[in-house]
Protein chains: 2
Amino acid sequence: MAPRKLKAAEHPPIAAPRQHKADAKAAASHPPARHRPQTRIQKEKQDIILEAALEVFAVHGFRGSTIDQIAEVAGMSKPNLLYYFPKKEEIHRRLIAALLDTWLAPLREMNADGDPFTEIRSYIRRKLEMARDFPRESRLFANEMLQGAPRISEMIEVDLKGLVDEKAKILVDWMDRGLLARADPYHLIFSIWATTQHYADFDVQVRAVLGKGRNGEGRFEDAARYLEQLFMHGLTPRPRPGQKT
Amino acid sequence: MAPRKLKAAEHPPIAAPRQHKADAKAAASHPPARHRPQTRIQKEKQDIILEAALEVFAVHGFRGSTIDQIAEVAGMSKPNLLYYFPKKEEIHRRLIAALLDTWLAPLREMNADGDPFTEIRSYIRRKLEMARDFPRESRLFANEMLQGAPRISEMIEVDLKGLVDEKAKILVDWMDRGLLARADPYHLIFSIWATTQHYADFDVQVRAVLGKGRNGEGRFEDAARYLEQLFMHGLTPRPRPGQKT
DNA sequence: CTAACATTTTTCCAACTGGTCAAAATTTCC
DNA sequence: GGAAATTTTGACCAGTTGGAAAAATGTTAG
């Protein structure tokens, strides 16, 4: 199939919080979720706050961001914001929780039954689309990693590692069947993460280097083309002398 | 030649400040550099401070770091620290200035007269060594980028862009001569930056995914091997049907 | 030794920070 | 319409933050 070009993907509210299974001490949030689970208005306001928080946290990190900043971006007073999220940490936690899920979705889609190159190409494109369409999410994630992931160590050690282990197996299987050049599957995945997220996290640098020219929109297309070439050629199996089968 | 393994590179004091050409208002620093340029002791203390600041800034970013933290790591009182660097921003500025220079050194070494693959392989290895030996510097840089490079926009728009433009020309020349697969030289450089720096900036993630096994030391070796393969194969010129010459 | 200078510590401060609380304004429900 | 519940605001607070001032403590050259 023709490589579908990086189209403007629908912008799902990536930051939308989702209830995580809290059974016992029924949700620690103050006024919301006491008798009735969620008011329509409450959810709206919370989303506005999370949106604003994403904007701020993505740039300044957790410690570098202030509730006042977030409140201002959200267009409400600080006490009012604190009415919905009694703790600064709670906002951050909600953002991160929602993020990781969405962030790993593209990798989850990598299908063992598909053609390796089609799958990998699709994965790269999806990741690149996410870097383009959700740069703030990417930066939030990067910020967290830079700080040593103090707030999500468990998540990356379980959910993320689990998923990567699973997909690494698929890659190795493809390699075993000679459909893909033999290479370290983990580092292969790392390299896809790195090259795609780079365009979100280091956007300023990319823009600066490419100059003020017509790169404004073209850079993601160019990146897609380049990365596709790099990985497709780089991972094409080549019969080497002294290899069995 | 046999691929020299990633050896423990000498640890040059990357953070060592260097006087930048300030001619007029002779250096804004308070007590230092008034009559005599620099006392031996002053330089020592400044280096200790810069070291500590690197440690802190690299993790928490500019806004998220406090002078108290830096002072504590440096083993001195806050006012004492402020005696050497009257402004928090000044510390950061010095770090960044020294950093960018060192950071671009590997790229500067890429030699137009060398063999393309040797040059690129060396570049990748050097960058990977830097990610391994100077992760804090890498994170400091990443932090600055994430924030939109407010303090170094000029540097990246001039020095960095200039250097990349120059090296991109070399790459294109190699491609023209059929020594290297045709590809966007800018995105080629980006991909090397991304894949190598990833091991410093996302170290926690890399460690978590690779598991608690024997990866502790091996991951940089594995990464080097993998990246070498990816880029060497990915950039090998292949005569395609319908291509002139 | 001691005056001149360099360094360090103590004290202090105004602005900012995350967060509380009760009163006021608004919305919801009957 | 009005009582009850929800949302918003203003005043406030204790701890932190970047930084200033000045006194106290070295250090060094004559």
Side-chain angles (χ1 to χ4, degrees), chain A residues 27-53 55-57 59-95 147 150-151, chain B residues 26-50 52-53 55-57 59-95 147 150-151:
Chain A
S29 43
H30 261 189
R34 195 156 33 181
H35 30 221
R36 267 167 307 178
Q38 273 296 60
T39 307
R40 222 54 39 85
I41 311 173
Q42 283 175 344
K43 188 155 180 38
E44 263 177 43
K45 287 292 176 97
Q46 287 191 4
D47 284 353
I48 290 175
I49 293 171
L50 289 171
E51 241 287 315
E55 192 81 28
V56 177
F57 281 140
V59 174
H60 297 105
F62 182 74
R63 285 221 45 195
S65 304
T66 72
I67 300 184
D68 286 280
Q69 278 179 88
I70 300 172
E72 195 190 334
V73 174
M76 62 180 74
S77 67
K78 177 170 65 172
N80 194 191
L81 182 149
L82 284 167
Y83 169 73
Y84 290 101
F85 290 91
K87 298 278 173 191
K88 183 188 176 186
E89 270 155 2
E90 180 59 17
I91 310 176
H92 193 262
R93 226 174 47 74
R94 283 277 288 274
L95 276 180
Q147 283 159 43
R151 276 166 283 271
Chain B
S29 43
H30 263 189
R34 197 158 31 183
H35 30 220
R36 268 167 305 178
Q38 273 297 60
T39 305
R40 222 54 39 85
I41 312 172
Q42 283 174 347
K43 189 154 176 41
E44 263 177 44
K45 288 291 178 100
Q46 287 190 4
D47 284 353
I48 291 175
I49 293 171
L50 289 171
E55 192 81 27
V56 177
F57 280 140
V59 174
H60 297 105
F62 182 74
R63 285 224 44 196
S65 304
T66 72
I67 300 183
D68 287 282
Q69 278 180 88
I70 300 172
E72 196 191 333
V73 174
M76 62 179 74
S77 68
K78 177 170 65 170
N80 194 191
L81 183 150
L82 284 166
Y83 169 72
Y84 291 100
F85 290 91
K87 297 278 173 190
K88 184 187 176 186
E89 270 155 1
E90 181 59 17
I91 310 176
H92 194 263
R93 226 173 46 74
R94 283 277 287 275
L95 276 180
Q147 284 160 41
R151 277 166 280 271

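What you see is a predicted model, and the numbers here were worked out from it, not measured in a lab. Proteins come first, then strands; the chains are lettered A, B, ... in the order of their sequence lines, and each starts at number 1. Below, each value reflects all heavy atoms present in this structure, side chains not excepted, and no hydrogens, waters or symmetry copies.
In terms of phosphate contacts, A:Y83 brings no side-chain nitrogen or oxygen within less than 4.0 Å of OP1 or OP2 of D:dT8. Within the 4.0 Å cut-off from OP1 or OP2 of C:dA6, not a single side-chain nitrogen or oxygen of B:K45 is found. The shortest distance between the side-chain N/O atoms of B:N80 and the OP1/OP2 oxygens of C:dT9 is below 4.0 Å. The phosphate of C:dT8 (OP1 or OP2) has no side-chain N or O of B:S77 nearer than 4.0 angstrom. When the side-chain nitrogen and oxygen atoms of A:Q42 are compared with OP1 and OP2 of D:dT6, none of them lie within a distance under 4.0 Å.
Summarising the geometry, atom CD belonging to B:E44 is positioned 8.0 Å from atom CG belonging to B:D47; distances are rounded to the nearest 0.5 Å.
Between B:F62 and B:F57, the two ring planes are parallel [angle under 30°; tilted spans 30° to 60°].
Protein atom CE of A:M76 is 16 Å distant from nucleotide atom P of C:dT26, rounded to whole Å. Between the C1' atom of C:dA6 and the CD atom of B:Q46 lies a distance of 14 Å, rounded to the nearest Å. Between A:Y84 atom OH and C:dG19 atom P the separation is 18 Å, expressed in whole Å. Here the P atom of nucleotide C:dT17 and the CD atom of A:E72 are 11 Å apart, to the nearest Å. One interatomic measurement links the two molecules: CD1 of A:I70 to C1' of C:dC16, which rounds to 15 Å at whole-angstrom precision.
Side-chain atoms of A:F85 and A:R94, non-hydrogen and from C-beta on, do get closer than 4.5 Å to each other. Contact annotation: the side chain of B:R63 never approaches that of B:Q147 to less than 4.5 Å [non-hydrogen atoms, C-beta and beyond]. A 4.5 Å side-chain heavy-atom check between B:I91 and B:Y84 finds every atom pair outside the cut-off.
Not a single donor-acceptor pair under 3.5 Å links the side chain of A:K45 to the backbone N or O of A:N80.
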Using the 3.5 Å cut-off, write out each protein N or O paired with an N or O of nucleotides 13-19 of chain D and the distance between them.
| from | atom 1 | to | atom 2 | distance (Å) |
| --- | --- | --- | --- | --- |
| D:dT17 | OP1 | A:R63 | NH2 | 3.3 |
| D:dG18 | OP1 | B:S65 | O | 3.3 |
| D:dG18 | OP1 | B:I67 | N | 3.4 |
| D:dG18 | OP1 | B:K88 | NZ | 3.2 |
| D:dG18 | OP2 | B:I67 | N | 2.9 |
| D:dG18 | N7 | B:K78 | NZ | 2.8 |
| D:dG19 | OP2 | B:K88 | N | 3.0 |

